[in-house]
A.B. asks: 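One structure coming up, written as structure tokens, with questions to follow.
So that the names make sense, note that chain A is the first sequence line, chain B the second, and so on, each numbered from 1.
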Amino acid sequence: MRKIIEFRNVSFRYEDEQPWVLKNLSFEIYENEWIAIIGHNGSGKSTIAKLLNGLLFPQEGEILIDGKQVNQDTIWDIRKDVGMVFQNPDNQFVGTTVQDDVAFGMENRGFPREDMIKRMEETLSAVGMQDYLLTEPHRLSGGQKQRVAIASVLAISPQVLILDEATAMLDPKGRTEIMQTVTDVQSENELSLITITHDLTEVVQADRVIVMNEGEIWREALPREIFSLKDQLREIGLDVPFITVLADELNQLGVPITQEPLNHEELLEELWTLHSKT
Amino acid sequence: MDITFKNVSYIYQANSPFAHKAIDDLSFHIPSGSFVAVIGHTGSGKSTLIQHLNGLVKPTAGEVTIGDFHLTPEQKPKNMKELRSRVGVVFQYPEHQLFEETVEKDIAFGPENFGVSKSEIKHRIQQITPAVGLTEELLERSPFELSGGQMRRVAIAGVLAVRPDVLVLDEPTAGLDPRGQKEMMKMFYQLHQEQGLTTILVTHSMEDAVKYADHVIILNKGTKYMEGKPEAVFTQKKALNKVQLDVPEMVQFLNQFQTKLGKEIPFDRQSIKQVAQSIQQIIKGAESS
């Protein structure tokens with residue numbers, strides 16, 4: 001598999017004399033991979049995102065995107081490859097209509113008109129917003145705005161899409177919408193995906209999870225392995241999902257749950273088997 | 001303080017082409033000392049409701065009563081300042097409102113404006129600082145050097161330093177990490193109990209509403225859609241789905257459990273441990289039969 005992102009011994013701090021925000025960080029992300037980065041506030045996870053598209057530069061180590069080192073000379077190229085959606089839906093709408101917003105990035109990069117029209121249709125359909133071409137941003141819900149933001153990024157065909165806490169300010173319905181959109185987009189596009197979150201329920205579908213703590217990688221593992229860490233997750237300020245706690249309580253009561261469940265269905269399946277074994 | 005809304009409507013930019021009805025014939029009663037969760041999706045009228053509670057707006061129709069204060073279309077109470085000292089509002093992202101040079105000065109700003117004496121303010125700050133989870137050495141620091149969670153606690157301390165009877169919280173945990181969210185809600189609940197506050201929590205989190213509220217009001221399109229005890233409101237999946245809300249995760253699981261295994265475990269705000277015990281009983285029952 002092709003390496004799309006590589007962090008080599010990266011350290012970063014905002015100013016001299018201040019504590020390091022990231023300490024000697026090394027990891028790799030491959031083509032078409034979905035990586036979830038989780039961690040509490042201040043663990044350094046958003047700094048990683050800002051380093052990835054050259055909003056910040058590390059003091060030590062280097063960052064490679066598709067083999068190119070991120071520095072002042074390469075950032076404009078790199079930003080074509082790395083698209084980012086941020087937390088606040090109101091801060092990233094630049095157009096006066098949905099259509100203008102999606103066109104903005106493509107215009108900046110000089111896409112021909114026919115391409116723009118085609119890409120606009122494709123990406124807005126991918127996020128389920130094709131019926132809102134002429135809608136003004138203030139008529140959209142937070143979840144809809146974030147979906148348009150995702151479409152705007154997809155329109156320029158990046159190799160990497162980063163969602164930095166993109167669901168944090170949304171209501172539960174908006175959250176579900178975004179996670180569904182992200183799953184669809186990931187399965188239908190050649191795209192590496194990085195979702196940054198503090199919500200463990202949003203890492204279930206990722207291929208790999210990186211858990212950040214105090215500026216360092218605390219664990220790098222499959223979602224199921226991460227879920228099984230329970231109390232250790234609580235110790236570093238993360239929350240354990242309902243289904244994990246329930247499986248744990250059942251085990252303690254002598255109801256044998258053999259596999260760490262990732263969702264309701266998995267646990268219900270085991271309970272059903274136990275229940276019908278009579 | 002008791003809070004009553006009687007047929008309240010509020011129209012933004014009334015008598016103009018942009019007129020927009022944010023609240024529509026809303027009535028409810030909150031007895032003094034209760035912890036009420038107000039839930040509704042974006043645009044359901046939650047923020048407009050809050051603005052009535054300390055007289056930032058007055059109703060276009062109907063009447064709002066907060067203790068002895070009355071707000072009607074014709075009159076605002078003469079002693080508006082007193083109303084605002086009795087009703088403390090923690091708005092969304094309150095840390096954006098910090099402005100003073102030190103944490104201590106920022107907390108003192110509210111009570112100073114309401115004419116509380118210097119020595120009394122000092123005394124209150126000593127009490128409130130640990131109650132909101134801040135340490136005394138932070139008092140001399142600039143609030144802008146603190147972390148987001150700490151800044152929010154400073155802003156909340158500023159509201160509490162006025163010693164309100166009613167505490168209104170507009171999504172107080174938004175943007176905090178899970179540990180921060182839990183600690184913050186625990187803190188509010190403790191304050192609610194220790195100081196005998198009437199607390200109104202505007203939230204998206206069904207989980208928090210189940211855990212802390214003794215009464216729930218669901219808003220939709222500016223009017224009351226449902227009201228009652230959390231266990232009664234939060235089991236009505238169909239009705240909630242209709243207004244783009246959903247039941248808490250535990251209720252969802254119990255519903256799925258019933259579909260899959262044909263056994264009902266009623267929801268009564270039990271702990272996860274208690275749910276595990278009920279499941280154990282059902283499975284044991286199946287083994288022994």
A.B. asks: Measuring heavy-atom distances to chain B, does Glu235(A) have an atom under 4.5 Å in its side chain, in its backbone, in both, or in neither?
C.D. replies: backbone

A.B. asks: To check you understand the geometry: which heavy-atom pair defines the closest contact between His40(A) and Asp177(B), and what is its length?
C.D. replies: CB-OD2, 2.9 Å

A.B. asks: Do Lys260(B) and Glu265(A) sit within salt-bridge range, that is, some charged N less than 4.0 Å from a carboxylate O?
C.D. replies: no

A.B. asks: Heavy-atom count around Asn15(B) CG within 6.0 Å, excluding the residue itself: above 12?
C.D. replies: no

A.B. asks: Could you give the distance from CD1 (Ile243(A)) to CZ (Phe253(B)), rounded to the nearest 0.5 Å?
C.D. replies: 4.5 Å

A.B. asks: Would Gln252(A) and Gln280(B) satisfy side chain to side chain contact (heavy atoms under 4.5 Å, CB included), going step by step from the backbone distance to the final call?
C.D. replies: CA-CA 10 Å; Gln252(A) 284 180 30; Gln280(B) 185 211 20; over 6 Å; no

A.B. asks: Got more than 12 heavy atoms from elsewhere within 6.0 Å of CZ, Phe28(B)?
C.D. replies: yes

A.B. asks: Are there residues of residues 270-279 of chain B that reach to under 4.5 Å of chain A by heavy atoms, and which ones?
C.D. replies: Ile272(B), Lys273(B), Val275(B), Ala276(B), Gln277(B), Ile279(B)

A.B. asks: At their closest point, which heavy atom of Leu268(A) faces which heavy atom of Leu261(B), and how far apart are they?
C.D. replies: O-CD1, 4.3 Å

A.B. asks: Does anything in residues 237-250 of chain B get under 4.5 Å of chain A by heavy atoms, and if so which residues?
C.D. replies: Gln244(B), Glu249(B), Met250(B)

A.B. asks: Does any backbone or side-chain atom of Val255(A) lie under 4.5 Å from a heavy atom of chain B? Answer side chain, backbone, both or neither.
C.D. replies: side chain

A.B. asks: Take a 6.0 Å sphere around CZ of Phe18(B) and say whether it holds more than 12 heavy atoms from other residues, nucleotides or ligands.
C.D. replies: no

A.B. asks: Could you tell me which portion of Leu271(A) (side chain, backbone, both or neither) has an atom closer than 4.5 angstrom to a non-hydrogen atom of chain B?
C.D. replies: both

A.B. asks: More than 12 heavy atoms of other residues, nucleotides or ligands under 6.0 Å from CD of Glu101(B): is that the case?
C.D. replies: no

A.B. asks: For Lys263(B), look at atom NZ and say whether over 12 heavy atoms of other residues, nucleotides or ligands are found less than 6.0 Å away.
C.D. replies: no

A.B. asks: Enter the distance from Leu267(A):CG to Phe257(B):CZ here, rounded to the nearest 0.5 Å.
C.D. replies: 9.0 Å

A.B. asks: Take Ile282(B) and His275(A) through the test side chain to side chain contact (heavy atoms under 4.5 Å, CB included) and record every step on the way to the result.
C.D. replies: CA-CA 8 Å; Ile282(B) 288 170; His275(A) 185 248; 3.9 Å; yes

A.B. asks: Whether Asp239(A) and Lys182(B) form a salt bridge (side-chain N of Lys/Arg under 4.0 Å from carboxylate O of Asp/Glu) is what I want to check.
C.D. replies: yes

